[in-house]
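Below is one structure; the comments refer to it alone.
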Amino acid sequence: GQQVMQIPQYQHVQEGEDFTTYCNSSTTLSNIQWYKQRPGGHPVFLIQLVKSGEVKKQKRLTFQFGEAKKNSSLHITATQTTDVGTYFCAGRGAGNNRKLIWGLGTSLAVNP
Amino acid sequence: KAGVTQTPRYLIKTRGQQVTLSCSPISGHRSVSWYQQTPGQGLQFLFEYFSETQRNKGNFPGRFSGRQFSNSRSEMNVSTLELGDSALYLCASSPGTSVSRETQYFGPGTRLLVL
(Lines give C-alpha, C1' and ligand atoms only; values in the text may rest on other atoms or scores of the structure.)
Protein backbone atom coordinates (compact mmCIF):
# COMPACT_ATOMS: atom_id res chain seq x y z
CA GLY A 1 0.00 0.00 0.00
CA GLN A 2 0.94 3.63 -0.12
CA GLN A 3 3.66 4.60 2.33
CA VAL A 4 5.36 7.79 3.42
CA MET A 5 8.85 7.33 4.83
CA GLN A 6 10.27 10.09 6.98
CA ILE A 7 13.91 10.46 8.01
CA PRO A 8 15.66 10.84 10.30
CA GLN A 9 13.62 9.46 13.16
CA TYR A 10 15.54 11.54 15.70
CA GLN A 11 17.83 14.54 15.44
CA HIS A 12 19.80 16.23 18.19
CA VAL A 13 21.31 19.63 17.39
CA GLN A 14 23.00 22.50 19.15
CA GLU A 15 21.02 25.72 19.23
CA GLY A 16 21.91 27.71 16.16
CA GLU A 17 22.55 24.69 13.93
CA ASP A 18 20.34 23.89 10.97
CA PHE A 19 17.94 20.94 10.79
CA THR A 20 16.29 19.10 7.92
CA THR A 21 13.72 16.32 7.81
CA TYR A 22 12.77 14.46 4.64
CA CYS A 23 9.66 12.64 3.49
CA ASN A 24 9.48 10.20 0.60
CA SER A 25 6.30 8.70 -0.76
CA SER A 26 6.01 5.43 -2.64
CA THR A 27 3.44 7.04 -4.94
CA THR A 28 2.71 10.45 -6.40
CA LEU A 29 0.91 12.76 -4.01
CA SER A 30 -1.69 15.41 -4.69
CA ASN A 31 -0.35 17.47 -1.81
CA ILE A 32 1.68 17.18 1.35
CA GLN A 33 1.10 18.71 4.75
CA TRP A 34 3.46 19.34 7.62
CA TYR A 35 2.56 19.33 11.29
CA LYS A 36 4.45 20.02 14.50
CA GLN A 37 3.76 18.33 17.81
CA ARG A 38 5.34 19.82 20.90
CA PRO A 39 6.16 17.43 23.77
CA GLY A 40 2.93 16.62 25.59
CA GLY A 41 0.87 18.40 22.94
CA HIS A 42 -1.05 17.55 19.83
CA PRO A 43 -0.13 17.98 16.16
CA VAL A 44 -0.58 21.48 14.84
CA PHE A 45 -0.79 22.24 11.15
CA LEU A 46 2.18 24.17 9.73
CA ILE A 47 1.76 24.26 5.96
CA GLN A 48 0.43 22.55 2.87
CA LEU A 49 2.30 22.18 -0.43
CA VAL A 50 0.34 21.48 -3.58
CA LYS A 51 2.34 22.36 -6.68
CA SER A 52 5.25 20.44 -8.15
CA GLY A 53 8.53 22.06 -7.07
CA GLU A 54 6.78 24.39 -4.65
CA VAL A 55 8.85 26.14 -2.00
CA LYS A 56 7.29 27.99 0.92
CA LYS A 57 8.88 29.83 3.81
CA GLN A 58 7.70 30.61 7.30
CA LYS A 59 10.36 32.70 9.02
CA ARG A 60 13.22 30.23 9.64
CA LEU A 61 11.30 27.26 8.19
CA THR A 62 11.56 26.34 4.51
CA PHE A 63 9.31 23.69 2.99
CA GLN A 64 9.85 22.07 -0.40
CA PHE A 65 7.77 19.76 -2.56
CA GLY A 66 9.64 17.70 -5.12
CA GLU A 67 9.19 18.04 -8.85
CA ALA A 68 7.70 14.55 -9.06
CA LYS A 69 5.44 15.26 -6.04
CA LYS A 70 6.80 12.20 -4.27
CA ASN A 71 9.10 13.84 -1.77
CA SER A 72 9.25 16.83 0.50
CA SER A 73 11.54 18.43 3.02
CA LEU A 74 11.38 20.81 5.96
CA HIS A 75 14.49 22.82 6.72
CA ILE A 76 14.92 24.92 9.86
CA THR A 77 17.68 27.52 9.84
CA ALA A 78 19.45 28.38 13.08
CA THR A 79 17.35 26.22 15.38
CA GLN A 80 16.04 27.58 18.66
CA THR A 81 14.85 25.76 21.75
CA THR A 82 11.29 26.64 20.74
CA ASP A 83 11.71 24.37 17.70
CA VAL A 84 11.78 21.29 19.91
CA GLY A 85 9.10 18.77 19.02
CA THR A 86 8.17 16.14 16.49
CA TYR A 87 7.62 17.13 12.89
CA PHE A 88 5.24 15.04 10.83
CA CYS A 89 4.60 15.03 7.13
CA ALA A 90 1.31 13.73 5.78
CA GLY A 91 0.77 13.04 2.11
CA ARG A 92 -2.60 13.09 0.38
CA GLY A 93 -2.92 10.44 -2.26
CA ALA A 94 -3.58 11.34 -5.87
CA GLY A 95 -6.38 10.02 -8.05
CA ASN A 96 -9.10 8.11 -6.26
CA ASN A 97 -6.99 7.53 -3.16
CA ARG A 98 -7.62 10.56 -1.00
CA LYS A 99 -6.37 9.15 2.28
CA LEU A 100 -3.88 11.15 4.28
CA ILE A 101 -0.80 8.97 4.82
CA TRP A 102 1.40 10.00 7.72
CA GLY A 103 5.13 9.71 8.13
CA LEU A 104 6.40 8.45 11.48
CA GLY A 105 7.77 11.87 12.35
CA THR A 106 11.17 13.31 13.17
CA SER A 107 11.79 14.19 16.80
CA LEU A 108 14.00 17.25 17.16
CA ALA A 109 15.93 18.00 20.33
CA VAL A 110 17.82 21.29 20.65
CA ASN A 111 20.63 21.81 23.16
CA PRO A 112 20.76 25.41 24.44
CA LYS B 1 -14.17 29.45 17.25
CA ALA B 2 -13.63 26.89 19.94
CA GLY B 3 -11.17 24.16 19.04
CA VAL B 4 -11.63 20.44 18.96
CA THR B 5 -12.46 19.03 22.36
CA GLN B 6 -11.98 15.50 23.57
CA THR B 7 -13.25 13.81 26.70
CA PRO B 8 -12.04 12.37 28.89
CA ARG B 9 -8.46 13.56 28.80
CA TYR B 10 -7.11 10.65 30.80
CA LEU B 11 -8.45 7.17 31.38
CA ILE B 12 -7.26 4.05 33.14
CA LYS B 13 -8.88 0.73 32.31
CA THR B 14 -8.08 -2.91 32.82
CA ARG B 15 -7.72 -5.63 30.20
CA GLY B 16 -11.00 -6.93 28.88
CA GLN B 17 -12.95 -3.78 29.63
CA GLN B 18 -14.35 -1.50 26.98
CA VAL B 19 -13.98 2.23 26.61
CA THR B 20 -15.78 5.05 24.80
CA LEU B 21 -14.02 8.26 23.86
CA SER B 22 -15.75 11.41 22.71
CA CYS B 23 -14.79 14.16 20.30
CA SER B 24 -16.51 17.45 19.51
CA PRO B 25 -15.23 19.01 16.28
CA ILE B 26 -14.82 22.67 15.49
CA SER B 27 -18.20 24.24 14.82
CA GLY B 28 -19.12 23.77 11.17
CA HIS B 29 -16.68 20.91 10.59
CA ARG B 30 -18.37 17.76 9.41
CA SER B 31 -15.41 15.41 9.13
CA VAL B 32 -13.90 13.73 12.16
CA SER B 33 -10.88 11.45 12.01
CA TRP B 34 -9.45 9.33 14.78
CA TYR B 35 -5.81 8.39 15.28
CA GLN B 36 -3.88 6.23 17.68
CA GLN B 37 -0.46 7.50 18.68
CA THR B 38 2.13 5.38 20.43
CA PRO B 39 5.85 6.10 20.91
CA GLY B 40 7.78 5.16 17.79
CA GLN B 41 4.64 4.37 15.77
CA GLY B 42 3.64 7.85 14.76
CA LEU B 43 0.00 8.54 14.00
CA GLN B 44 -1.96 5.46 13.04
CA PHE B 45 -5.21 6.27 11.25
CA LEU B 46 -8.26 4.55 12.70
CA PHE B 47 -11.21 5.91 10.73
CA GLU B 48 -12.87 9.01 9.37
CA TYR B 49 -16.51 9.96 9.63
CA PHE B 50 -18.36 12.47 7.51
CA SER B 51 -22.07 13.23 7.81
CA GLU B 52 -22.60 10.26 10.12
CA THR B 53 -21.02 7.83 7.66
CA GLN B 54 -17.64 6.16 7.84
CA ARG B 55 -15.73 7.50 4.84
CA ASN B 56 -12.33 5.90 5.38
CA LYS B 57 -10.94 3.17 7.55
CA GLY B 58 -7.46 2.18 8.70
CA ASN B 59 -6.11 -1.27 9.45
CA PHE B 60 -7.33 -1.82 12.97
CA PRO B 61 -9.22 -4.86 14.28
CA GLY B 62 -12.98 -4.83 14.65
CA ARG B 63 -12.61 -4.12 18.38
CA PHE B 64 -12.18 -0.51 17.33
CA SER B 65 -15.37 1.13 16.17
CA GLY B 66 -16.77 4.58 15.88
CA ARG B 67 -19.80 6.59 15.06
CA GLN B 68 -20.80 10.14 14.33
CA PHE B 69 -23.91 11.95 15.37
CA SER B 70 -26.03 14.44 13.47
CA ASN B 71 -24.30 17.34 15.26
CA SER B 72 -20.93 15.97 13.96
CA ARG B 73 -19.78 14.90 17.40
CA SER B 74 -18.07 11.55 17.24
CA GLU B 75 -17.34 8.69 19.56
CA MET B 76 -14.93 5.82 19.27
CA ASN B 77 -15.26 2.59 21.17
CA VAL B 78 -12.68 -0.03 21.95
CA SER B 79 -13.99 -3.32 23.24
CA THR B 80 -12.07 -6.06 25.03
CA LEU B 81 -9.13 -3.83 25.81
CA GLU B 82 -5.60 -5.17 25.48
CA LEU B 83 -2.40 -3.86 27.03
CA GLY B 84 -1.25 -2.77 23.59
CA ASP B 85 -4.21 -0.40 23.30
CA SER B 86 -2.50 1.96 25.74
CA ALA B 87 -1.94 5.08 23.67
CA LEU B 88 -2.87 8.66 23.01
CA TYR B 89 -6.06 8.77 20.96
CA LEU B 90 -6.33 11.89 18.87
CA CYS B 91 -9.35 13.26 17.14
CA ALA B 92 -9.04 15.69 14.25
CA SER B 93 -11.71 17.65 12.47
CA SER B 94 -11.93 19.34 9.10
CA PRO B 95 -14.71 20.91 7.05
CA GLY B 96 -14.99 17.70 5.04
CA THR B 97 -16.27 19.23 1.84
CA SER B 98 -12.99 19.57 -0.06
CA VAL B 99 -11.14 16.43 0.91
CA SER B 100 -8.25 16.87 -1.47
CA ARG B 101 -6.96 20.04 0.19
CA GLU B 102 -8.20 20.07 3.74
CA THR B 103 -5.97 20.17 6.76
CA GLN B 104 -6.60 18.57 10.10
CA TYR B 105 -7.32 20.36 13.36
CA PHE B 106 -6.43 18.15 16.27
CA GLY B 107 -7.87 17.95 19.73
CA PRO B 108 -5.71 17.53 22.84
CA GLY B 109 -6.22 13.77 22.85
CA THR B 110 -7.32 11.16 25.35
CA ARG B 111 -4.50 9.28 27.03
CA LEU B 112 -5.61 5.72 27.69
CA LEU B 113 -3.72 3.40 29.97
CA VAL B 114 -4.70 -0.27 30.03
CA LEU B 115 -3.53 -2.26 33.05
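As the structure is a computational prediction, the values presented were derived from the model and not from experiment.
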With hydrophobic residues grouped by side-chain heavy-atom distances under 4.5 Å, do [X] and [Y] end up in a single group?
X        : Y        : value
A/Trp102 : A/Leu46  : no
B/Phe45  : A/Leu100 : yes
B/Tyr10  : B/Met76  : no
A/Leu74  : A/Ile101 : no
B/Tyr89  : B/Phe106 : no

Please classify the contact between [X] and chain B as side chain, backbone, both or neither, with a heavy-atom cut-off of under 4.5 Å.
X       : result
A/Gln37 : side chain
A/Val50 : side chain
A/Tyr10 : neither

Contacts of type ring-ring contact (aromatic ring centres under 6.0 Å, His included), residue B/Phe69, not counting sequence neighbours: none
Minimum heavy-atom distance between [X] and [Y], given as atom pair plus value:
X        : Y        : result
A/Gln48  : B/Glu102 : OE1-O, 4.2 Å
B/Gln44  : A/Leu104 : NE2-CD2, 4.3 Å
B/Thr103 : A/Phe45  : CG2-CE1, 3.1 Å

Over 12 non-hydrogen atoms of neighbours within 6.0 angstrom of CZ in B/Arg15: no
Are A/His42 and B/Gln37 close enough, and set up right, to give a side-chain contact (heavy atoms from CB on, under 4.5 Å), and what steps lead you there? CA-CA 10 Å; A/His42 56 274; B/Gln37 186 174 36; over 6 Å; no
Examine the side chains of B/Gln104 and A/Gln33 and answer whether a donor and an acceptor come within less than 3.5 Å of each other. no
Where does B/Tyr105 contact chain A at under 4.5 Å (heavy atoms): side chain, backbone, both or neither? neither
To the nearest 0.5 Å, atom OG1 of A/Thr86 lies from atom CG of B/Leu43 at 9.5 Å
